[in-house]
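Down below is the structure, laid out as structure tokens.
Just so you know, these numbers come straight off a predicted model, no measurement behind them. Residue numbers count from 1 along this sequence.
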Amino acid sequence: MTDQKDIKIKLHPGGPEIPVRPGTPLMDVLHEYGIEFPCGGKGTCGSCRFRLIKGSLPLSQKHRSLLLSLGQPENMRLACMSAPDSNVTIEIPQFETVILADNSRFEFDPLPGFGIAIDLGTTTLVAQLLDLASGRVLNVATARNPQGKYGSDIMSRIEYALIREQADTLKHLIRDKIREMIYKLLKGYTENVNKIILVGNTAMHHLFCGFDVRPLSFYPFESPNTGIRNFYPSELGWELDEKTEIVFMPSIGSFVGSDILAGIFATRLHLSKEYQVLIDLGTNGEIVAGNRERIFCASTAAGPAFEGARITMGMTASAGAISSVKADNGKFDCHTIGNINPAGICGSGIIDAMSVFLEKKLMNDFGDILSDQNQIFLVNDVFINQKDIREVQLAKAAIASGLEILYKQLGITRKDIDNLYIAGAFGNYINIPNSLKMGLLNIPEEKVRKMGNTALIGAKMFLFTNPDRIKKVLKITRHISLESDPEFQELFIQNMLFGKND
């Protein structure tokens, strides 16, 4: 691609100006800011609609027909169908009211002042400023987790904290970065912040709060410090009104954190009569199954592979990552996030590639490359090799086997599942039919729902939620250790095969 001058996407009101390459799909840009794409970019749900305030975004006939079918006026657009070539200013209706991914409004009792919801991820950080009287999102801030330079995955950070005795370094890094994001959110606003909610996995919870991470470094990975943690601003070195309530929400278990508790609330799994499943494949891989009577959850080692951490040319779902792969006349047709030259491949692209390899008989069901070469090139210098395929097999087997263990513990089968929700950036891009084809998901396609950033959605809900309701959900939620189940190893071996498992 030739060098092109960046254009700017301005989020109105009060949002940032985002520089991107001309022709970059807005779906590639906005998911980092907490915008959900439940239908996966098919243009059928309307959740990614926005109002064009300034600039030009011509409508294709398909785009116009979709807006008409959704009852949207001419000045509205769908982010999944839009790729601006010049500067634009847009207003996201999702910023107006706290809205869940199924388009239903989140009912809440209005409160005075402002609130801030923060998703403290292992790789990325997202924070939103809300007007608590209306639930409206006023501003958004995103950043990379600065701890990443000391290890991309959780165990690397724990090792750095323990062996190098740098737990305080990691603690101050993340506290300072969150403080910086909060100040950025509040720039231009004078209203007091009444409440700040943080959610994250158990390791991030411990590192932020200053808890000993040693119990998370060895079996059975159980820590006595998984509960809720309240702070005063002065404890964190944050220059806010000392009455500001700062809460890091409680973890569910050893490696199932408050981000998954937030996901349970976001999907309303805890209110459902029918059985539901939530899968969040971030840097860690968490799975949840249950209903309003009981909820079982577990953590798997699947996350790193689908985040690209153990793939030779793997990367997170960020600019330069191949996010989708198709077969086209004997070649690979690859979409790259950010409309730039491909630098690697992220989880959704890996799943697509596995599906294409199976379909075109470049690989067999055992995951063996059917050629004399040890790798398969996708585009330019980006390739997937035999070792990468083995990593995907291990991750896929961990998720599939973990779900079967949870079903067994609940006394149900996959046929009893009403909906399966996929969360996170991974979920925004994942191709559902390809996930079924390679055996990652073993459930009818019509039952799969994409939810976007459920951790952030749930964190916003927690700004308005009575703590007693959260305690009730924790009482019916049980953490399962998959490795201790006698059937896990056998199931794991069975699920190593690619393709549908009946």
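Atoms CG and CD, from Leu11 and Glu17 in turn, are 9.5 Å apart once rounded to the nearest 0.5 Å. How far CD of Glu404 is from CG of Leu482: 11.5 Å, rounded to the nearest 0.5 Å. Remark: Ile252 CD1 to Ile295 CD1 distance equals 7.5 Å, nearest 0.5 Å. The distance from the CZ atom of Arg21 to the CD1 atom of Ile340 is 6.5 Å, given to the nearest 0.5 Å. Annotation: the span from Lys187 atom NZ to Leu129 atom CG amounts to 14.5 Å, rounded to 0.5 Å. Rounded to the nearest 0.5 Å, atoms CD1 (Ile264) and OG (Ser258) are 11.0 Å apart.
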task = Begin with the C-alpha distance, continue with both residues' side-chain angles, and end with the deciding distance and a verdict on side chain to side chain contact (heavy atoms under 4.5 Å, CB included) for Leu185 and Val193.
result = CA-CA 11 Å; Leu185 286 174; Val193 178; over 6 Å; no

ask   = Taking it one step at a time, do Tyr275 and Arg414 satisfy side-chain hydrogen bond (donor to acceptor under 3.5 Å, both in side chains)?
value = CA-CA 10 Å; Tyr275 286 101; Arg414 69 185 72 140; over 6 Å; no

request  = Run the numbers on Asn201 and Thr122 for side-chain hydrogen bond (donor to acceptor under 3.5 Å, both in side chains), then give the verdict.
outcome  = CA-CA 8 Å; Asn201 64 51; Thr122 309; 2.8 Å; yes

inquiry  = I'd like to know whether Arg294 forms a side chain to side chain contact (heavy atoms under 4.5 Å, CB included) with Asn291, so could you lay out the CA-CA distance, the side-chain angles of the two residues, the decisive distance to 0.1 Å, and finally the verdict.
reply    = CA-CA 6 Å; Arg294 54 200 177 134; Asn291 62 4; 4.3 Å; yes

query = Going through the distances and angles, do Glu235 and Ile246 end up as a side chain to side chain contact (heavy atoms under 4.5 Å, CB included)?
reply = CA-CA 10 Å; Glu235 287 182 76; Ile246 303 171; over 6 Å; no

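A pairwise comparison of heavy atoms in Leu130 and Leu138 identifies C-CD1, 4.4 Å as the closest pair. The two residues Ile116 and Ala127 have their closest heavy-atom pair at CG2-CB, 4.5 Å. The shortest non-hydrogen separation linking Ile412 to Ile417 is CD1-CD1, 3.8 Å. The shortest non-hydrogen separation linking Ser299 to Phe255 is OG-CB, 3.5 Å. The shortest heavy-atom contact between Ser401 and Phe488 is CB-CE1, 3.8 Å. Across Pro146 and Leu173, no two heavy atoms sit closer than the pair CG-O, 3.7 Å.
Residues Ile174 and Leu125 are in side-chain contact: their nearest non-hydrogen atoms beyond the backbone lie under 4.5 Å apart. Residues Leu271 and Arg292 form no side-chain contact, since every pair of their non-hydrogen atoms from C-beta on lies 4.5 Å or further apart. Residues Leu236 and Ile178 are not in side-chain contact: their nearest non-hydrogen atoms beyond the backbone lie 4.5 Å or more apart. A 4.5 Å side-chain heavy-atom check between Val277 and Leu406 finds every atom pair outside the cut-off. Contact annotation: the side chain of Leu474 approaches that of Leu261 to within less than 4.5 Å [non-hydrogen atoms, C-beta and beyond].
With sequence neighbours left out, Asp468 forms a side chain to side chain contact (heavy atoms under 4.5 Å, CB included) with Asn466, Lys471. Among residues two or more places apart in sequence or in another chain, the side chain to side chain contact (heavy atoms under 4.5 Å, CB included) test is passed with Pro467 by none. Looking at residues two or more places apart in sequence or on another chain, you find no side-chain hydrogen bond (donor to acceptor under 3.5 Å, both in side chains) involving Thr454. In terms of the ring-ring contact (aromatic ring centres under 6.0 Å, His included) criterion, residue partners of Phe114 (sequence neighbours excluded) are, by chain and number, Tyr189. Ser82 meets the side-chain hydrogen bond (donor to acceptor under 3.5 Å, both in side chains) test with no other residue; sequence neighbours excluded. Remark: Thr413 pairs with Lys415, Asp416 by the side chain to side chain contact (heavy atoms under 4.5 Å, CB included) rule, at least two apart or across chains. Every residue two or more places apart in sequence or in another chain was checked for a ring-ring contact (aromatic ring centres under 6.0 Å, His included) with Tyr232, and none qualifies. Scanning for salt bridge (charged side-chain N to carboxylate O under 4.0 Å, His left out) contacts around Lys195 gives an empty result, with sequence neighbours left out. Residues that satisfy the salt bridge (charged side-chain N to carboxylate O under 4.0 Å, His left out) test with Glu483, not counting sequence neighbours, are absent from this structure. In terms of the side-chain hydrogen bond (donor to acceptor under 3.5 Å, both in side chains) criterion, Glu446 has no residue partners (sequence neighbours excluded).
At most 12 non-hydrogen atoms from other residues, nucleotides or ligands lie less than 6.0 angstrom from NZ of Lys184. Surrounding NZ of Lys8 are at most 12 heavy atoms belonging to other residues, nucleotides or ligands under 6.0 Å away.
With Val20 as reference, Val29 is the one residue of Val29, Leu26, Asp28 to meet the side-chain contact (heavy atoms from CB on, under 4.5 Å) rule.
No donor-acceptor distance shorter than 3.5 angstrom exists from the side chain of Arg136 to the backbone of Asp131, with no hydrogens or angles considered. Distance alone, capped at 3.5 Å, places no donor-acceptor pair between the Lys177 side chain and the Asn145 backbone. Here the side chain of Asn442 pairs no donor or acceptor atom with the backbone of Ala400 at under 3.5 angstrom. Side-chain atoms of Gln276 come within 3.5 Å of backbone atoms of Asn419 as a donor-acceptor pair (strictly under, hydrogens ignored). Judged purely by atom type and a 3.5 angstrom limit, Thr124 has no side-chain atom pairing as donor or acceptor with the backbone of Gly121.
A cation-pi arrangement, defined by a distance under 6.0 Å to the six-membered ring centre and an angle within 45 degrees of its axis, is absent between Arg77 and Phe50. In this structure, Arg175 is positioned above the aromatic face of Phe208, its NZ or CZ under 6.0 Å from the six-membered ring centre and within 45° of the axis.
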Please report, to 0.1 Å, the donor-acceptor pairs under 3.5 Å made by any side chain of residues 214-228, with sequence neighbours excluded.
residue	atom	partner	partner atom	Å
Ser217	OG	Arg214	O	2.5
Ser223	OG	His206	NE2	2.7
Ser223	OG	Asn225	N	3.1

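A ring-centre distance under 6.0 Å is found for Phe462 and Phe265.
For residues 236-245, every residue pair satisfying the side-chain hydrogen bond (donor to acceptor under 3.5 Å, both in side chains) rule, not counting sequence neighbours, is listed here: Ser234-Glu242.
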